[in-house]
Protein chains: 2
Amino acid sequence: MAKKEIIIESALKLFSTKGFEGTSVREIAAEAGVNVAMISYYFGSKEKLFESVVEHRASFLKGVFADLVNNTSLSAIEKIDFIIDQTIERKLSNSQFQHILHRELSLEHRPQLRDAISDILLRNMDPVKIIIKNGINDGEFNQVDIELTLTTMLGTVHYLLTSDIMCRKILGKKEGFSPFQNKQLKKRLSEHTKQLMRSHLLNK
Amino acid sequence: MAKKEIIIESALKLFSTKGFEGTSVREIAAEAGVNVAMISYYFGSKEKLFESVVEHRASFLKGVFADLVNNTSLSAIEKIDFIIDQTIERKLSNSQFQHILHRELSLEHRPQLRDAISDILLRNMDPVKIIIKNGINDGEFNQVDIELTLTTMLGTVHYLLTSDIMCRKILGKKEGFSPFQNKQLKKRLSEHTKQLMRSHLLNK
DNA sequence: TTTAAAACTAAACAAATGTTTAATTAAAAT
DNA sequence: ATTTTAATTAAACATTTGTTTAGTTTTAAA
């Protein structure tokens, strides 16, 4: 792995556990095993390093639901099922990055970065909106509040993700339980959300 | 208002918009219109001031759902309706404080504070769990995943609350729209969540 | 009115911060 | 083999950080 990338990954790790202002460039340099000056040398500043971290990771989160809109072999609810599983998979396996994004989003300095982040998080929103809208127009779905239905889907996953402590307390698990690597949790979350969305969306 | 309280309120405001490490004691002192030394004088340290902020605000969030469990004049779903409205009301009118709590929760230093915060956030969880459980036992509710149903309720509200930017983008609103003071949003969120929970919980 | 405690201040403190400098080593190009 | 560019280093830079000090003013008690 290139040294530049090692720095980015080290920064990702530290930013996610200690926050941006809570992490010093010296800590990042130590974690990456490089000289402090290398950060200015490669990225120009701590802030620009942060932006590089976001860009680097965001590239993994490319839009994948766009194709789904015009897919005719799946019913609308089957598409929703697929979206739910993808969303859970992504968010759980990128929990560190999710923490960074949401934390930055809740802060009010660096407004242009906030804007970029909300774009990343909502990148997949439009296709899903259309899928729900089509489901409604075709009579397959009830006339639900589209935006808030989306909010519910994302919010359910995200709320569990807030912290391992929260997750354990919500689920009543013991100290040792590591929520974000747990396969059973993933399945449980998937089944709950799918069932929830079916009763919410499908005509009775 | 006592000077000590002015400091706490100033700290709340700054911590919520700039984060704990992103806010200096000098900024807090300036915002409160007091000498920097007063913060050490009253609270001992910046960290202890933070704890005071949390304590001070947490006292407003006393448990209010405990009585609801043994209330016999309301049906289970009516209790859920009440809980939804209360939760929305509380979270929206304390959005600054909610930001602080969730941000701290997603960080991994100050573990004992994290624990205290998750307790505050989940303080009302147990009575709600029991209400759902009773609803299931009485045959009024479907056999849902209790903990994740709760997660959905809290997560839906919380996800909108993440930031005004997110909220605007999700709802497709213009720049000027102030989500957290908006009455219409409150109503829309309330209706969506109630409807969602009814189709999820009630036997078909 | 005197005394004691509390509230408040400006200045100083050491430590940590992000960044730059100037020098050196390594790699690539000529 | 020589030159040029890139990578890397330790040290220094100026600020900012949270906190303390030592002194003053205000308030309350005796």
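A, B, ... follow the sequence lines: proteins, then strands. Residue 1 opens every chain.
Atom CE in M38(B) sits roughly 14 Å away from atom C1' in dT20(D) (whole-Å rounding). Protein atom CZ of F15(A) is 12 Å distant from nucleotide atom C1' of dG18(C), rounded to whole Å. One atom, CD1 of I39(A), and another, P of dT17(C), lie 12 Å apart when rounded to the nearest Å. Rounded to a whole Å, the CD atom of E21(A) is 10 Å from the P atom of dG18(C). Whole-Å rounding puts the F43(A) CZ to dT20(C) P distance at 15 Å. In this entry the distance linking CD1 of I7(B) with C1' of dT9(C) reads 14 Å, nearest Å.
A cation-pi arrangement is present between K4(A) and F43(A), with the terminal nitrogen or guanidinium carbon under 6.0 Å from the aromatic centre and inside a 45° cone about the axis.
Checked for salt-bridge contact, R114(A) and E108(A) miss the test: no charged N lies under 4.0 Å from a carboxylate O. Ion pairing between a basic and an acidic side chain is recognised when a charged N comes within 4.0 Å of a carboxylate O; E21(A) and R110(A) show such pairing. In summary, K169(A) and E147(B) do not engage in a salt bridge, as defined by a charged side-chain N under 4.0 Å from a carboxylate O. Ion pair E175(B)/R168(B) not flagged as a salt bridge, since none of the NZ, NE, NH1 or NH2 atoms sits closer than 4.0 Å to an Asp/Glu carboxylate oxygen.
Distances were taken from every side-chain heavy atom of R26(A) (C-beta onward) to each of dT9(D), dT8(D), dA12(D); the shortest belongs to dA12(D). Counting only heavy atoms from C-beta on, A37(A) has its side chain closest to dT9(D) among dT20(D), dT9(D), dT17(D). Which of dT9(D), dT19(C), dA10(C) sits closest to the side chain of N35(B) comes down to dA10(C). In the set dC8(C), dA6(D), dT21(C), dA6(D) carries the atom at the smallest distance from any side-chain atom of Y41(A). Taking the side chain of V25(B) as heavy atoms from C-beta on, and the options dA7(D), dT19(C), dG18(D), the nearest nucleotide is dG18(D).
Toward the 5' end of DNA chain D, the nearer of the two residues G44(B) and E27(B), judged by each one's closest nucleotide, is E27(B).
Nucleic acid contact for S40(B): base, since at least one base atom lies under 4.0 Å from a heavy atom of the residue. Nucleic acid contact class of Y42(B) (heavy atoms, under 4.0 Å, all strands): sugar-phosphate only.
K3(B) has a side-chain polar atom (N or O) that falls below the 4.0 Å cut-off from OP1 or OP2 of dC8(C).
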